[in-house]
Structures are given as structure tokens and as C-alpha cells.
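Within every chain, numbering begins at 1; the chains are lettered A, B, ... in the order of the sequence lines, protein sequences first and strands thereafter.
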Amino acid sequence: MADTRKIVLEVLRYTPGQSTAPTLQQYPIEFTDDMSVLQGLQQVKDFVDGSLTFRWSCRMAICGSCGMMIDGAPKLACRAFLRDFLPGPLRVEPLEHFPIERDLVVDISDFVDKLGRITPWIEPREPRSLEQGEYLQTPAQLERFESFSHCINCMLCYAACPQYGLDSRFLGPAATALLHRYNSDSRDGAQAKRMELVNSEEGVWACTAVGYCSEVCPKAVDPANAVNQNKTASAVSWFARFLPGRG
Amino acid sequence: MKRSNQPFFWLLFGAGGMLSALIGAMLVFITGVAAPLGLGVHADLMSHANAIAFARGIPGKLFLLVVVSLFLWHAAHRIYHSLHDLGIPPGPLAQAACYGTALLGTVVATVALLAIGF
């Protein structure tokens, strides 16, 4: 390899049923300037230790599979470059706030459950037949939700969120951003159903506006903004209940 | 799903935060530094006679009540949500202690402002 440098990867290892506690294992590797942390891990798995376990797929920050704690911060391994962590050693650990399944793989079932709870699809405000044609939207209407639709479900924001770490009942950043994506879509009519979740004790009110979720988001979704907008909406609905004619 | 009671406290928190950001530092400076040291203010600005006259007027009463109570509600909410950093779990007891203190302060301020007369 041309122009290689050396760095030590310090990777958290844990095998359920075998390990009593997670341990750190060091892997010295050689890398070129264009190599990501993911490629470093792949080099270890292919040539040094085939038992090292991690998730990955697209290698280009689209699939959201390779989220992990890199040097203590939640990042996509494919989007972090080894050259930025010299002289090392570079600590690589599974995403925080999730149970470890094995090595760098975490159990994401809590997040998947949450996604299912937000009604993550459009329930048409007014049903149209095929003959009536498509639902039209103005560029301004698209702009209201578009950035929130860029979420790739990588869960970096959950690893960043101290409130989710304290109490995982909190709906959390990404699920709220996606909820907001559907709630602010002009074609959708299921806002009332989703607002019940927003208003609940598991909803937006567990957030203390730390903002780290938006900082670590690799797709600039800004979940903190989605949470904040829904705090305002939830506060309005809290008081609207007391107006005459409102339930 | 149980509706959260936080919107009510959050709005008081927000109002108190806005108010303290706008006038908090200035109030501390005038009442705590400038007046006692006589820095650029009239010598008897904070005299007993002036203070009691201020507290007896309706605008003065409203100002004092709003400043005392909203600052307290702001602090109560902030402290409640920071308790976990001190190892105290959030819950009904902590909520009652934090918001109860703010409520008590509001009641005491109201009673005192009424008792001081018009």
C-alpha cells in the first residue's frame, strides 16, 4: 500500500454467554488517507480477527447501519476517517444507550417499536380515487417537511440524547422528527392521533433542549427543531382543551 | 397515554426565562451593586420610603409579583430537570418540591404585596 500510516483501533468486544463484561481489544492496522473507520474495521475482520462483529451496508452514509461511538462521539463509521484520529489509539464502541448484542452490534428493537408507534405513513386528509389523480403539493408545502424526511434511522441522535439515556420511554429525537415529517405534510390527516403521543409523558416533554441530537445527525435533519416545534404545538393544545367547545 | 403536565410549567419557565434574560442582570446590578455603592443612581433610590411607595402602587405591585414569581417558576423548572445530575431521580416528589417552592413563593409574594397596603 502506498503512503500507509499506522493507528491502533481499540475496539469494544462482548459476546453474550461467553463474556462476563465488555472488554477492549487492540488491533494495530495500517491505513491510507482515504480509509474510513469502517474500512479499518473491515480490514481487521478480513485479515486479523474474523470474529469481530459490526453492522454495515452502503459505505456511503445512506443506509444508517454503521452508527457507533467513535472516539466517544456517535458517528457513522463510513463517514469518519482514520486520518482524523492520529496518533490514536482510536476507541470504537457500540452506540450508547442501547443494549449490546455482540461487539459493536446493538439491539435496536426499542427504536423499531417507536417507529411503529408514530404512524409513519400518510393517512390521506381526503381520500381520492385513481381517476381524481395525484395529490398536488406546492414547493412551500414540500419545504415544511422535506428536511425531516431525510432521516436514515441511524440512531446516532439516540446515542447523543442524555434524556433517552436516563429514561428510554422517551420517544426520542429521530422518531419525533419523523412524526413531525408526517404531521407537517399537507396531504396527511392523522395529526390528532400523532399529537396524543407528542402530548404524552413519553412525548416531547422529556426533552431538555440539549441539542446534541442535531449536532451529530449526519443528514442535517435537526430533530431538536422538530421536538421544539412540537413542544409549542403541544403547549397550545394543552390550553386549547379549556376553551369552550373543545374536548 | 397519560397527557404530560409539563406544558403548564414549561410556559411559566419560558416566561420567567425571557423576563430574567431581559431584566435580571440589570435588576441585580441596580439593587445589589449600584444602589448600595451609590454608582450613578440617586442616593435614596432604594430607601425604605421609596421602596414601600413603589410596593404600594398598583404597577409596582404587579412588577414585583411578576418578577418574584416568574423567576421562581423558571428556577423551579430548571432545577427539576437538572436533578438527575445530582443523582436525584425525577418524579412526583421532586416535582412537588420544586414547583411547590415556586408556588409557595408566589403565594407569599401575593400575600405580602396585599398586606403592605395600597
Determine whether more than 12 heavy atoms belonging to other residues, nucleotides or ligands lie under 6.0 Å from atom [atom1] of [X].
X: B:Arg56; atom1: CZ; result: yes
X: A:Arg144; atom1: CZ; result: no
X: B:Leu93; atom1: CG; result: no
X: A:Gln25; atom1: CD; result: yes
X: A:Arg128; atom1: CZ; result: yes

Could you pull out the closest heavy-atom pair between [X] and [Y], with the gap in Å?
X: A:Trp205; Y: B:His81; value: O-CE1, 4.2 Å
X: B:Asn5; Y: A:Trp238; value: CA-NE1, 4.1 Å
X: A:Ser234; Y: B:Arg3; value: O-NH1, 4.2 Å
X: A:Ser200; Y: B:Met1; value: CB-CB, 3.7 Å

* Rounded to the nearest 0.5 Å, how far apart are CG of A:Asn199 and CD of B:Gln6? -> 12.5 Å
* To do: Please work out which of the three classes, parallel, tilted or perpendicular, describes the rings of B:Phe8 and A:Phe239, given edges at 30° and 60°.
  =>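 The rings of A:Phe239 and B:Phe8 sit tilted, inter-plane angle from 30° to 60°.
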* Are any of the side-chain heavy atoms of B:His84 and A:Gln163 separated by less than 4.5 Å? -> yes
* Asked: Does some side-chain heavy atom of A:Thr232 sit less than 4.5 Å from a side-chain heavy atom of B:Trp10?
  ->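 Sidechains of A:Thr232 and B:Trp10: in contact.
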